[in-house]
Engineer: 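Sharing a structure below in structure tokens format, with a few things to ask.
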Number of protein chains: 2
Amino acid sequence: MKQYGQFCPLAKALDVVGDRWTLLIVRELAVRPCRYTDLRDGLPGIATNLLADRLKSLEAAGVITAEIAPPPVATTLYRLAERGEALLPAAHALAHWGAPLLADADDTDEVRARWLVPAVRTMFADVDVGDVEPLEVALDLEDEPIKLSVENGQLHAELGTARQPDVRIACDGPTAVAILRGQLHLDAATRHSRAQINGSRTARARLARLVAAGATRPQSAGETS
Amino acid sequence: MKQYGQFCPLAKALDVVGDRWTLLIVRELAVRPCRYTDLRDGLPGIATNLLADRLKSLEAAGVITAEIAPPPVATTLYRLAERGEALLPAAHALAHWGAPLLADADDTDEVRARWLVPAVRTMFADVDVGDVEPLEVALDLEDEPIKLSVENGQLHAELGTARQPDVRIACDGPTAVAILRGQLHLDAATRHSRAQINGSRTARARLARLVAAGATRPQSAGETS
DNA sequence: CTGCATCCGCTTCGATACTG
DNA sequence: CAGTATCGAAGCGGATGCAG
């Protein structure tokens, strides 16, 4: 019995997007249209047949569309349909609820730059860096670069390359997470060759203080705004 | 592999509430604290061991609490913890998205009065009944009674017994759904002994027109506000 | 009656291999 | 690149048993 068979809006929604991996596929497509391989990369651990199944049923449900892209791409592109876009508020609400759970996340978790952006926003929400001078940090992960910037005592995160960063960090995902959580000091990361860090001493020191400000606040699963 | 193992707030949320039945348990507890048996009744089709498993993991995750109620009840009562209440916005967002899917629901679906209330609200959202005279309908389902009322051209639905209803309908869930969808006329329902309907001729006629107003509007999965 | 635990057939999932 | 095919393992659904 795959369907719940209940005359209830929540049950009907879960009939469509309640299966394992389904909402995560929507998450990937929320950022940009994806090829099959892009999706597989963004969903580490998914079985390829499962991905194919999910894509078929999501298309049947009108949540996504599969179109054959013209020559520069020359492959099928999956993207959210209107009905899929309408799903984003629900996905964001769930993500917002899940954000505190990142605090006790395993450090073997997979990391993608695209996931890190909302995660960082949550980690540093309501954190007053206490430092009014602007600071720009380029965080070059393996898959994509991220730009962090401090303005008005608030930390901003977004995908993209920083033009003139005060600090540039190149490392893998778990290292970036450890640094941002304050579990791994910048100097220690350099010493253990886990990250390549460039930037003036003062800028690095300010980044260190920023991270410390984020780490000191209690991050338990109990907090939700 | 049960956990996704991704450093992503949505994935972390789904690690906790992404399993089958889990969000529906939250739905049940959102209405009122429940005993084990109440939950089983509200989740037709769930295997009893699954319910026990889910309750344990939800309690471990801090979403619900299990407390031994004092003598008048003398059994364990499950209720949402603070972290469970925080989940309701996400559940509502999903339900809102799923509401249009009720339009093509199977008529063999299980029906509970508690689920019908939000469903009716959705079915008649933005429906101007065009009738300013107040009307009160008692809808006595097998599990619980519902009160429908028309005020200012808007249909309101809530759990509870109507004191002085203009129309009283006693029937089972699927019949109620068929009537409210306009698929089964009041007279036909009476004729086939699927419902007992009491009330003045004029009140019944107004209810019929109200149902017709809800039924005529196109209800496809495409519409979402 | 409530609140599970156990057992069993079956479906789904996950991992790998393979193909157009 | 975009899937399909296969197979063992795990989870699910349903029935039953049983203690408090």
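These numbers come from a predicted model, not from an experiment. Chain naming here is simple, since letters A, B, ... match the order of the sequence lines and numbering starts at 1 in each.
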Engineer: Measure the distance from CG on A:L24 to P on C:dC13 and round it to the nearest whole Å.
Structural biologist: 13 Å
Engineer: From the list C:dA15, C:dG3, D:dG13, which nucleotide is the closest neighbour of the side chain of B:Y36?
Structural biologist: C:dG3
Engineer: Between B:Y78 and C:dT2, is there a contact of a side-chain N or O with OP1 or OP2 at under 4.0 Å?
Structural biologist: no
Engineer: Which nucleotide in the set D:dT4, C:dC4, D:dC1 lies at the smallest distance from any side-chain heavy atom of A:A52?
Structural biologist: D:dT4
Engineer: For the pair made of CG in A:L51 and P in D:dC1, what is the distance, rounded to whole Å?
Structural biologist: 14 Å
Engineer: Rounded off to whole Å, could you give me the CG-to-P distance for the A:L43 and D:dA2 pair?
Structural biologist: 14 Å
Engineer: Given atom CD1 of B:I46 and atom P of C:dA5, what is their separation to the nearest angstrom?
Structural biologist: 14 Å
Engineer: Has A:K56 got a side-chain N or O lying under 4.0 Å from the OP1 or OP2 atom of D:dT4?
Structural biologist: yes
Engineer: Side-chain N or O of B:R54 less than 4.0 angstrom from OP1 or OP2 on D:dC12?
Structural biologist: yes
Engineer: Return the value, rounded to whole Å, for the distance between atom CZ of B:R40 and atom P of D:dC12.
Structural biologist: 17 Å
Engineer: Quick one: label B:A47 by what it contacts on the DNA or RNA (base, sugar-phosphate, nothing), any heavy atom closer than 4.0 Å.
Structural biologist: base
Engineer: Around atom CD of A:Q183, are there more than 12 heavy atoms from other residues, nucleotides or ligands closer than 6.0 Å?
Structural biologist: yes
Engineer: Checking only heavy atoms, does the side chain of A:N49 share a donor-acceptor pair with the base of D:dT6 at less than 3.5 Å?
Structural biologist: yes
Engineer: Got A:I146 and A:L148 here, is their nearest side-chain heavy-atom distance under 4.5 Å?
Structural biologist: yes
Engineer: Does A:R20 have a side-chain nitrogen or oxygen under 4.0 Å from the phosphate oxygens OP1 or OP2 of D:dG11?
Structural biologist: no
Engineer: Within the distance-only criterion (no hydrogens, no angle test), does the side chain of B:R20 pair as donor or acceptor with the backbone N or O of A:G18 below 3.5 angstrom?
Structural biologist: no
Engineer: Identify whether the distance between the nearest side-chain nitrogen and carboxylate oxygen of B:E85 and B:R83 falls below 4.0 Å.
Structural biologist: no
Engineer: Check the phosphate of C:dG3 against B:T76, side-chain N and O only, distance under 4.0 Å to OP1 or OP2. Yes or no?
Structural biologist: yes
Engineer: Report which part of the nucleic acid A:T48 touches: base, sugar-phosphate, or nothing (heavy-atom distance under 4.0 Å, all strands).
Structural biologist: base
Engineer: Please work out which of the three classes, parallel, tilted or perpendicular, describes the rings of A:Y78 and A:Y36, given edges at 30° and 60°.
Structural biologist: tilted
Engineer: If only side-chain N and O atoms of B:R35 are considered, is one of them under 4.0 Å from the OP1 or OP2 phosphate oxygen of C:dT2?
Structural biologist: yes
Engineer: Would you mind telling me which residue lines up with the more 5' stretch of DNA chain C, A:D19 or B:T37, judged by nearest nucleotide?
Structural biologist: B:T37
Engineer: Which nucleotide in the list C:dG14, D:dC1, D:dC12 gets nearest to the side chain of A:W21?
Structural biologist: C:dG14
Engineer: Return the value, rounded to whole Å, for the distance between atom NZ of B:K2 and atom P of D:dC12.
Structural biologist: 7 Å
Engineer: More 5' along DNA chain D: B:L50 or A:L55, using each one's nearest nucleotide?
Structural biologist: A:L55
Engineer: Going by an N to O cut-off under 4.0 Å, is there a salt bridge joining A:D38 and A:R35?
Structural biologist: yes
Engineer: Could you tell me how far apart B:Q3 (CD) and C:dG14 (P) are, to the nearest whole angstrom?
Structural biologist: 12 Å
Engineer: Using atom CG of B:D15 as one end and atom P of D:dG11 as the other, report the distance to the nearest whole Å.
Structural biologist: 13 Å
